[in-house]
2 protein chains.
Amino acid sequence: MHPIVRKLAAYGPLAPEEQAVLAGLGAGAQLVEGRLDLLSEGCVPDSAVLVLEGVACRYRHRRTGTRQITAYLLPGDLCDLDFVHLGRLNHSVATLGSCRVARVPREVLAGLTTQYPAVARALRLAKLAEEETTREWVMNVGCRSAIERVSHLLCELHERLRAVGWATKAGYDLPLTQQDLADTTGLSNVHVNRVLRQLRLMRVVEVGGKRVDILNLAALQEIAEFQADYLRPAVA
Amino acid sequence: MHPIVRKLAAYGPLAPEEQAVLAGLGAGAQLVEGRLDLLSEGCVPDSAVLVLEGVACRYRHRRTGTRQITAYLLPGDLCDLDFVHLGRLNHSVATLGSCRVARVPREVLAGLTTQYPAVARALRLAKLAEEETTREWVMNVGCRSAIERVSHLLCELHERLRAVGWATKAGYDLPLTQQDLADTTGLSNVHVNRVLRQLRLMRVVEVGGKRVDILNLAALQEIAEFQADYLRPAVA
DNA sequence: CGTGCTATTGAGGCGCATCAATCATAGTGG
DNA sequence: CCACTATGATTGATGCGCCTCAATAGCACG
């Protein structure tokens, strides 16, 4: 099943027609190799980006050269519904590993939401989840230790990838370098490496070679104080 | 002028009738003293909160007891348009100093957005600015030093308060303790104190006694690498 | 005139950054 | 098939930024 259908269906039932239309968004998808910008800071996007496979991210650079990743875009994620209101973008969007992505023109997106209220609602809820996730990241870098931050990130990716069928209980593929993890968690690549070694020695999780093998999920979540509910806003 | 009118008018012209309706939202406003929860984690809110005066915040506690503030709510800020879609809240909203706040029932909010497209659009843009702000905070705690974080926060508050008439070039009132600043920036209260002392000795800004006096705005923005544009999404 | 909260300052220590070297792996061209 | 190169992973040594603990001072309040 197409990842965006799978993702949005979690927020409420979608009619077959709605599912078909959503799946159709991925029609013109293209393969993009890793480490390429999909949208660059300062540009004025005229279409959203839909990720079908792979991992992409939002990021910004400081003048000092350091990079901060502020969000991950996983299969089924649409970046970004509301840029149609924006002028210049003040951050960039780039692939991390190689991705399959489709561009969704703003008119298509607008037509979709006016024609299918259930889709519009699901997209709003997905956006809410994204906001909660960003707030969770503020928590993460603001008041957790290195091992907690890394563990939390691994938990979040596990949960989100599972929701779209790209992870099992045993683990998932993750085409990131340790430097990418460092730029996400606000740590140095060296320290990320040490944290991953510690987690490996603790027999909690093994991260290496673009693969995350989870040995003890409960322990990992315990370390991270991971509460998955922020990823799934309960529906009133 | 009512702060929410002033804030939203920055995103596009509002008709007199729209301005009047927005101003009317503050009709039943009440005074709330400092350090009180307006919405508590786990509750199911049936109305949004509109701040008319004072400073409030979103925050969450860790099990270890530490608190992370994830956003400030200043006069004119509406918290939160989209909670109407949510079930349980996973963070709390509280006053910091004493505030004048109004509750806006979800039906009123819904009626407003359907009846006045310009208002709906302004609210969407305001929400976008809020999201950009949260991402900026991830940057802040993720990859800036202590003095940079504090300076950036002071710049952001200055800019946002100026937009609604609660700050001048010379400074603004800020009813926060150093512990509040620490919980925002991911620092300890002790270190915030040292940073503020340093900024005072540098003749950049004086923070004390619920008041921020800006001595050298350019220097403050330079330290913070402050780019105000994230607060005002340019309109396409 | 206590009582409590916030601000301030000092001393000591830890967590993580930085610098630097080595190792592993994959890709490239001869 | 083997250098040769590039990139990322790994480990050690050293140092700094910030935390923690603790004590004092200032100030508002009853």
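In the text below, chain A, chain B and the rest are named by the order of the sequence lines, each starting its count at 1.
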Of the listed nucleotides ([options]), which one gets closest to any side-chain atom of [X]?
X      : options                : answer
A/T177 : C/dC16, D/dG8, C/dT9   : D/dG8
B/L187 : D/dT20, D/dC19, C/dA20 : D/dC19
A/A146 : C/dC16, D/dA22, D/dA13 : C/dC16
A/K210 : D/dC18, D/dA9, C/dT18  : D/dA9

Separation of [X] atom [atom1] from [N] atom [atom2], in whole Å?
X      : N      : atom1 : atom2 : answer
B/L174 : C/dA7  : CG    : P     : 11 Å
A/H191 : D/dA9  : NE2   : P     : 16 Å
A/R211 : D/dA9  : CZ    : C1'   : 19 Å
B/R149 : D/dG17 : CZ    : C1'   : 10 Å
A/Q179 : D/dA9  : CD    : C1'   : 12 Å
B/D180 : C/dA7  : CG    : P     : 8 Å
A/N189 : C/dA17 : CG    : C1'   : 10 Å
A/L196 : C/dA24 : CG    : C1'   : 16 Å

Taking five pairs at each terminus, the helix from C/dC1-D/dG30 to C/dG30-D/dC1 shows an axis bend, to 10°, of 40°
Please report, to 0.1 Å, the donor-acceptor pairs under 3.5 Å made by any side chain of residues 93-102 of chain B, with sequence neighbours excluded.
from: B/T95; atom 1: OG1; to: B/E33; atom 2: O; distance (Å): 2.8
from: B/T95; atom 1: OG1; to: B/R35; atom 2: N; distance (Å): 3.1
from: B/T95; atom 1: OG1; to: B/L36; atom 2: N; distance (Å): 3.0
from: B/T95; atom 1: OG1; to: B/L36; atom 2: O; distance (Å): 3.3
from: B/R100; atom 1: NE; to: B/E53; atom 2: OE2; distance (Å): 3.1

In chain order, what residues pass the salt bridge (Lys or Arg N to Asp or Glu O under 4.0 Å) check against B/R194, with sequence neighbours excluded?
-> none
Between the side chains of A/N140 and A/E136, does any donor sit under 3.5 Å from an acceptor?
-> no
May I have all residue pairs that pass salt bridge (Lys or Arg N to Asp or Glu O under 4.0 Å) and include part of residues 200-210 of chain A, sequence neighbours excluded?
-> A/R203-A/E206
Would you say [N] has OP1 or OP2 under 4.0 Å from some side-chain N or O of [X]?
X      : N     : answer
B/N193 : C/dT8 : yes
B/Q178 : C/dT8 : yes
B/R197 : C/dT8 : no

Where do A/E132 and A/L128 land on the side chain to side chain contact (heavy atoms under 4.5 Å, CB included) test, with the steps shown first?
-> CA-CA 6 Å; A/E132 287 296 332; A/L128 267 183; 5.6 Å; no
Do the ring planes of B/Y230 and B/H152 sit parallel (below 30°), tilted (30 to 60°) or perpendicular (above 60°)?
-> parallel
Report the relative orientation of the aromatic rings in B/H158 and B/Y172; use parallel for angles under 30°, tilted for 30 to 60°, perpendicular for over 60°.
-> parallel
Kindly state each residue pair satisfying ring-ring contact (aromatic ring centres under 6.0 Å, His included) with at least one member in residues 52-78 of chain A, sequence neighbours excluded.
-> A/Y59-A/H61, A/Y72-A/W137
Less than 4.0 Å between a side-chain N and a carboxylate O, is that true for B/E41 and B/R67?
-> no
Salt bridge present between A/D77 and A/K7 (N-O < 4.0 angstrom) = yes
Give a yes or no on whether a donor-acceptor pair under 3.5 Å exists between the nucleobase atoms of C/dG15, that is its base, and the side chain of A/R194.
-> no
Return the residues of residues 59-73 of chain B meeting this criterion: a heavy atom under 4.0 Å from some atom of DNA chain D. Order them by number, or give none.
-> none
Sugar-phosphate only, base, or nothing, as touched by B/G209 at under 4.0 Å among non-hydrogen atoms | nothing
